[in-house]
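Only heavy atoms go into these numbers, but all of them, side chains included; no hydrogens, no water, no symmetry mates. Order of the sequence lines fixes the chain letters, A, B, ..., with proteins taken first and strands second; residue numbering starts at 1 for each chain.
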Amino acid sequence: MAHRFAGVSAVRDGLNGVQYLADEGIAGVVYLADRLVKPVLVEGPAGTGKTQLAKSTAEMCGARLIRLQCYEGIDESKALYEWNYKKQLMRIQAESQTWDEVSEDIFSEEFLLTRPLLEAIRATEPVVLLIDEVDRVEVEAEALLLEVLSDYQVSIPELGTVEATQIPLVFLTSNNTRELSESLKRRCLYLYIDYPDLDREREIVLTKVPDISQSLADEVARIVRSVRQLELKKSPSVSETLDWARTLVLLGVEHVDAETAAETVHVLLKYRSDIDKALKELSAGDAPGSGLPR
Amino acid sequence: MTVQAARGPAPPGAAGAALLGLLGGFIAELRRAGLPVSLTEHLDAAEAVRHVPLEDRAALKCALAATLVKHHAHRQAFETAFEVYFSLRGPQFVPSDGAWADADLAGARDPRLEGPGGEPLGDEDLARMLFAALLGGDQERLRAGARRAVQRYAGMEPGRPVGGAYYLYRTLRNLGLEALLERLLETVQDEAERPLTPLEERLARDEMEARIDQLRKEIEAEIRRRLVADRGVEAMARTLRKPLPTDVEFMHATREDMEALRKVIGPLTRKLAARLASRRHHRSRGVLDFRRTIRRSLSYGGVPAEPQFRYKRPAKPEIMVIADISGSVAAFARFTLHLVYAISSHFAKVRSFVFIDGLDEVTDLFEASEDIAEAVHRVNTSADVVWVDGHSDYGHALGVFWERYGPSITAKTTIMILGDARNNYHASETWVMAELQRKARRIFWLNPEPRSYWDTGDSIMSTYSAHCDGTFEVRTLRHLERFVEQTF
Ligand SMILES: Nc1ncnc2c1ncn2[C@@H]1O[C@H](COP(=O)(O)OP(=O)(O)OP(=O)(O)O)[C@@H](O)[C@H]1O
Ligand SMILES: [Mg+2]
C-alpha cells in the first residue's frame with residue numbers, strides 16, 4: 001500500500017494547508033499512524049483540537065470522514081450494524097418459502113443497515129474514521145471496537161467477516177473522564193494534545209480569525225497563556241481563545257487594555273470565580289513578592 | 001488486503017541495530033519507573049523508530065512516546081528516562097560516532113562563545129550574552145550560553161560523587177537568575193515608550209519567567225548530559241528515577257512533586273466521581289416492578305418487552321472530615337480535603353474541620369467558593385487552629401470537636417479523621433473517640449505514615465484505632481483513591 005505522507009513535515013504542511021496548526025508531536029503521530037497502520041488515541045483538555053484533527057486530516061487527504069459519536073449505552077446496533085427488522089418482517093410475511101430459505105434470504109446484504117464502523121470498513125474510497133469521545137462508552141462496550149481497531153474487519157455471524165478494502169486512518173478521542181482499558185490502549189498510538197504554546201496559539205488565531213492584526217493576535221495569545229497559568233476551575237480552551245479574539249475584532253479593539261479585558265473576559269472564562277481571579281491577578285501586574293516600581 | 005502490506009521500510013543497519021539495543025534498555029528503565037509497557041508496545045516502538053530519521057531526536061522522542069506512553073501522568077517519567085538514554089543523541093552526533101564525547105564536552109565550538117581572537121568568553125561577556133539572549137528570546141544563543149555556563153560554573157569533574165542538584169545550584173547561583181528577572185523587566189520597562197500598565201507588566205513578567213525557565217531547563221539538560229557521559233546511563237537513570245505522581249508520598253513530597261500532584265488531582269477526581277456515579281447508577285437498579293412492567297407491555301401488544309425496575313435510592317452518607325493540618329501532614333490533609341470536596345455530590349452533606357492544637361470548622365470556605373483549590377489554600381491562611389503552641393494536640397482538638405459539634409453527629413454521619421496520631425505526648429482524651437464511634441454511623445482514620453511507623457515515638461495510633469471502624473494507611477494519591485472507592 002502506498003503511504004499517504006512522505007514525511008512528518010509533509011503532514012505538518014498538509015494540515016497547515018487546511019488551517020490546522022499542528023506541532024511536531026501531532027504531525028509526527030499522524031505520520032506514524034499511516035506508516036504503522038494503527039489507530040491514534042487522542043487525549044487532552046477540552047477544546048484543544050482533538051476532534052478537529054481527525055476532520056482536518058480527512059480534508060487534507062481528500063478522504064471521507066465517517067464519525068461515530070460515542071455516548072453511554074451505545075451498542076452494536078448503533079456502532080457496527082443492525083438488521084433491518086421491519087423489512088425482514090415484511091419479507092417473512094410475504095413469502096411462502098420454507099424457513100430455511102427465508103432465513104438465508106433475510107440475513108443478506110439487502111437487509112443489513114450499516115453503522116459507522118462497518119461503513120468505514122466497507123468503504124471503497126479513502127476514509128478517515130473518527131470515534132469521538134470514546135470515554136463515554138462503558139468499559140464493556142469497548143469490546144465492540146477492538147476487532148475494527150486491530151484487524152480492520154467486522155465479523156457478522158450471519159454473513160461472515162467483512163474485511164477492509166482500504167485501511168482507514170482511525171482517530172479516537174477521549175476527554176479522559178475514565179481510564180480506557182489497557183487492551184484498547186495497547187492497540188493505539190497515543191497522542192496527548194495539550195494547550196498550544198504561545199507561538200502556535202498565535203498562529204491558530206491568525207489563521208482562524210479573519211482580519212485580526214498581528215499585534216492583537218499576539219496580545220490575545222499572551223494573555224491567554226498567563227490566564228492558563230492561574231489555578232482555575234476551567235482553563236480557556238483554544239475554541240474560547242478564538243471566540244474571544246473574534247469578539248475583540250468585532251468590537252474593533254486594536255489593543256487589549258484592562259478595561260477591554262474586563263468587559264470581554266466572560267467570553268474566555270465561564271465561571272464567575274475564574275473571571276474574578278483572572279481580573280484580579282492580571283490587573284495586579286506584579287507577581288507576589290516582586291519589587292518592581294509601579 | 002492485509003495490514004502487513006503497508007509495513008517494511010529498509011532493514012536496520014548497524015546504527016539501527018545499536019538503537020534497538022538501546023531501546024531495550026530504555027524500556028526496561030520505563031518499567032522500573034512503573035510504566036506498564038507490554039511486549040506489543042515494545043515491538044511497536046521498535047517498528048516505529050525505523051520510520052524516523054535516526055539523527056532526529058525530536059522525531060525519535062515522538063515515536064517512542066506514541067508507542068510506549070499511554071497515560072499522560074506517565075509522561076514526566078518518560079521524559080526523564082528519555083533524557084538519560086538519548087541525551088547524547090542529537091543533530092550533532094550519530095550513535096556510531098565515538099568522538100562525540102570530547103567534541104561536545106569541550107564545547108567551545110561556537111564562535112559566538114569566543115572572543116574576537118578566539119579566546120573563550122569571560123564572565124561578563126557570558127552574562128551579557130545570556131542577558132541579550134533572554135531579552136531577545138533567542139533560543140539558539142540561550143542553549144549555547146547554557147552549555148557554556150555549566151562548563152564554567154558547575155565545577156563538574158569526572159568521578160565526583162555529587163548529584164546533579166549540586167551542580168545546578170552552583171551554576172544558577174553564579175548566574176543570579178533571581179536578579180536577572182528584575183533586571184530584564186527593568187529593561188523592558190525602560191525600552192517602552194510609556195510606563196507599562198499593570199496588565200502589560202504582568203505579561204512581560206510571565207514571558208521573561210518562561211524564558212528564564214527555558215534557560216534553567218537547558219542548564220539542567222546540559223548537566224545531565226555530562227553526568228551521563230561520566231557515570232553511564234544506568235547509574236544516572238537510577239539516580240533520577242522518581243515515583244509516578246500517584247505514588248508520591250505526601251509526607252516526603254518536594255515542591256516539584258506537589259506541582260505534579262496538583263496537576264493530576266483534577267483528572268483523578270473527575271474519573272473517580274464518574275466511577276462512583278456509574279456504580280451508584282448500576283446499584284440502584286432494584287427488583288422487578290411487576291405492575292409497571294405489565295402496564296408498559298401494553299404498548300408492545302402484551303409482550304413484556306421492557307422490564308421495569310423499582311429503583312432504590314440508597315441514602316447518601318453525611319461526611320465529617322477532621323484533619324490535622326500541622327506541618328508534616330499538611331499536604332496529606334490538603335489533598336484529602338480536595339478529593340472529598342471534588343466528589344461531594346456523592347454525599348448528602350460534607351462538613352470539614354481542621355486542627356493543630358485548636359480546632360476550627362472550615363465548611364464555609366468550601367461552600368463559599370466554587371474553586372476547591374482556592375478554598376484549600378484559604379484553609380491554611382484563615383482557619384483558627386492554633387491554641388497554645390502550634391504543635392499537634394489530638395486530645396484537645398477532639399475534646400473541642402465533641403463539645404462544639406458532638407450534638408450534630410447523627411446515625412447517618414461518617415467521620416473521617418486525617419492525621420498521623422502524633423500527639424506530642426499530650427493527653428489522648430480517648431473517651432471522645434469512644435463517644436464518636438457510639439454516635440456516628442462509621443468512623444475511619446486515615447494515616448499518611450507507613451503502618452510500621454504507627455505507635456512509634458509519640459504516635460498513639462492504636463489507642464485511637466481501638467475506637468475506629470477502619471484504619472487506613474494513605475501515603476499516596478493511589479491509596480487515597482482506593483480508600484474512597486472501597487468505602488463509598
Ligand atoms: N491546532 C489547531 N489549529 C486550528 N484550529 C484549532 C486547532 N486546535 C483547535 N482549534 C480550534 O478549536 C476548536 C475546538 O477544537 P475541537 O472541537 O477539535 O476540540 P476538542 O479537543 O475535540 O474538544 P472537546 O474535548 O471539547 O471535544 C476547533 O473548532 C478549531 O477551530
Ligand atoms: Mg471533541
**Q.** Within-4.5 Å side-chain heavy-atom neighbours: A/L269 and A/K277
**A.** no
Q. Picking from A/L180, A/L232, A/N176, which has the most non-hydrogen pairs under 4.5 angstrom with chain B?
A. A/N176
(Q) Please evaluate residues A/E142 and A/S181 with respect to the criterion side chain to side chain donor-acceptor pair (under 3.5 Å), reporting the C-alpha separation (whole Å), side-chain torsions for both, the decisive distance (0.1 Å), and the verdict. (A) CA-CA 8 Å; A/E142 274 183 19; A/S181 74; 2.4 Å; yes
**Q.** Residue B/A48 versus chain A: region with a heavy atom under 4.5 Å
**A.** both
**Q.** Residues A/E179 and B/H71: side-chain donor-acceptor under 3.5 angstrom
**A.** yes
Q: Under 4.5 Å heavy-atom distance to chain A, tell me which part of B/A58 shows up: side chain, backbone, both or neither.
A: neither
Q. Can you list the residues that meet the side-chain hydrogen bond (donor to acceptor under 3.5 Å, both in side chains) rule with A/Q153, with sequence neighbours excluded?
A. A/E147
Q. Quick one: are A/Q229 and A/E281 in side-chain contact, heavy atoms under 4.5 Å?
A. no
Q | Which residues share a salt bridge (charged side-chain N to carboxylate O under 4.0 Å, His left out) with B/R75, sequence neighbours left out | A | B/E79
Q | Student check: side-chain heavy atoms of A/N175 and A/R136 closer than 4.5 Å | A | no
(Q) If you count heavy-atom pairs within less than 4.5 Å of chain B, which of A/S226, A/A33, A/G7 leads? (A) A/S226
(Q) Taking B/E485 first and then B/R482, would you say they form a salt bridge - that is, a charged N and a carboxylate O separated by under 4.0 Å? (A) no
**Q.** chain A contact via B/R275 - which portion, at a heavy-atom distance below 4.5 Å
**A.** neither
(Q) Which atoms of A/L184 are under 4.5 Å from chain B, going by heavy atoms: the side chain, the backbone, both sets, or neither? (A) neither
(Q) Given heavy-atom pairs under 4.5 angstrom as the criterion, report whether the side chain, backbone, both or neither of B/A210 touches chain A. (A) side chain
Q) How about residues 185-193 of chain A versus chain B: which residues have heavy atoms under 4.5 Å apart? A) A/K185, A/R186, A/C188, A/L189, A/Y190, A/Y192
Q | chain A contacts, top residue of B/H72, B/E207, B/E41, B/H377 (heavy-atom pairs, under 4.5 Å) | A | B/H72
Q) Which residues satisfy the side chain to side chain contact (heavy atoms under 4.5 Å, CB included) test with B/R183, sequence neighbours excluded? A) B/F131, B/L180
Q: May I ask you to decide if the ring planes of B/Y341 and B/F366 are parallel, tilted or perpendicular, using 30° and 60° as cut-offs?
A: parallel
Q) For chain B, which of A/V8, A/I223, A/D135 has the most heavy-atom pairs under 4.5 Å? A) A/I223
Q | Per-residue contact mode, A/R225 against chain B (heavy atom under 4.5 angstrom) | A | side chain
Q) Would you find a donor on one side and an acceptor on the other, under 3.5 Å apart, between the side chain of A/D274 and the backbone of A/K234? A) yes
